[in-house]
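For ligands, and for the atoms within them, numbers begin at 1 and follow the listed sequence.
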Amino acid sequence: MHTHINELFTGLWHDYLTITPSAHKIHTLLKAHNGKAELVNDHIALRTFAIPGIAVSDLALHFIQLGYVKSGEYDFSSKKLNAWHYQHPDPNLPKVFISELKVNELSPVSQAIISEIIDSMDFNAVAQPDFLYSGTHWQISETDYRTLLNESEYAAWLAAWGFRANHFTVSVNHLSSMTELSEVNALLKASGFTLNTAGGEIKGDPSVCLAQSSTMADQMPIKFSDNTVTLPSCFYEFAQRYPLPNGELYQGFVAASADKIFESTNVN
Ligand code: NI
């Protein structure tokens, strides 16, 4: 069972690195600081549209088949998103955070653009595990991308990059050389990486049992049907978890913090 889980995360990781070269550099840097021990991935995040056939519940089936359990629900009303997180009984396996855009709350023009790109998809592909890192299944023009961007950064990102891990997350709790998220942030900044400062460099704190930070997404070329444009791709996240009153580390997410983490892919 774990073989399949490892294969899936390896596929997601390699796809993610192709458009997130800074994550490879940071991974190498932190691993060197960690006595060359492998880093532990706290979670990945996936994005999709709330459309039957490709909604969170459809994507999550891949993880449920591998033993994952739906564990937490989150609402981001200002961004028109719902999200759930899934975790495996083995606490060493990464959690999976999947969000979906409530397309029916967008303007008619944005809804029409999304309908058009989705109509060109083969929905049978969704059942294949590699669908989770298959990218786009459509062509979109830069004009339509910009129309979506005016209304929803999330819609525009998803239309440009498609289905893939939006970020991986280093578990600070599992680092041997550093114990605090602030130390990780200091090392990253000293090494020239840019952190997301929306809502403060560190989102959350011990009072909510989770502190998170992230880089700003890399800038990578996207080939639209009419033009090639350099845009934010994916980012790397860092999470420090704190114990609940029962002594166990909190395993959920904090909506107010995740709301700001989403902005790591904002277009300037
Ligand atoms: Ni995250």
Problem - His62/Tyr68 aromatic ring centres below 6.0 Å - result: no

Problem - Cationic tip of Arg47 above Phe76 ring, under 6.0 Å, 45° of axis - result: no

Handout entry: Pairwise distance CG(Asn166) to CD1(Ile19) - rounded to 0.5 angstrom
Key = 9.0 Å

Practice task
With Tyr145 as reference, evaluate Phe224, Trp161, Trp157 under the ring pair (Phe, Tyr, Trp, His ring centres under 6.0 Å) test and give the passing residue.
Solution key: Phe224

Handout entry: Polar protein atoms near the Ni ion (ligand 1) [N, O or S; cut-off under 2.8 Å]
Key = His43 NE2, His167 NE2, Glu237 OE1

Handout entry: Contact list for residues 96-105, test side-chain hydrogen bond (donor to acceptor under 3.5 Å, both in side chains), sequence neighbours left out
Key = Ser99-Tyr154

Handout entry: Working for side chain to side chain donor-acceptor pair (under 3.5 Å), residues Asp218 and Ser22
Key = CA-CA 7 Å; Asp218 282 349; Ser22 70; 2.7 Å; yes

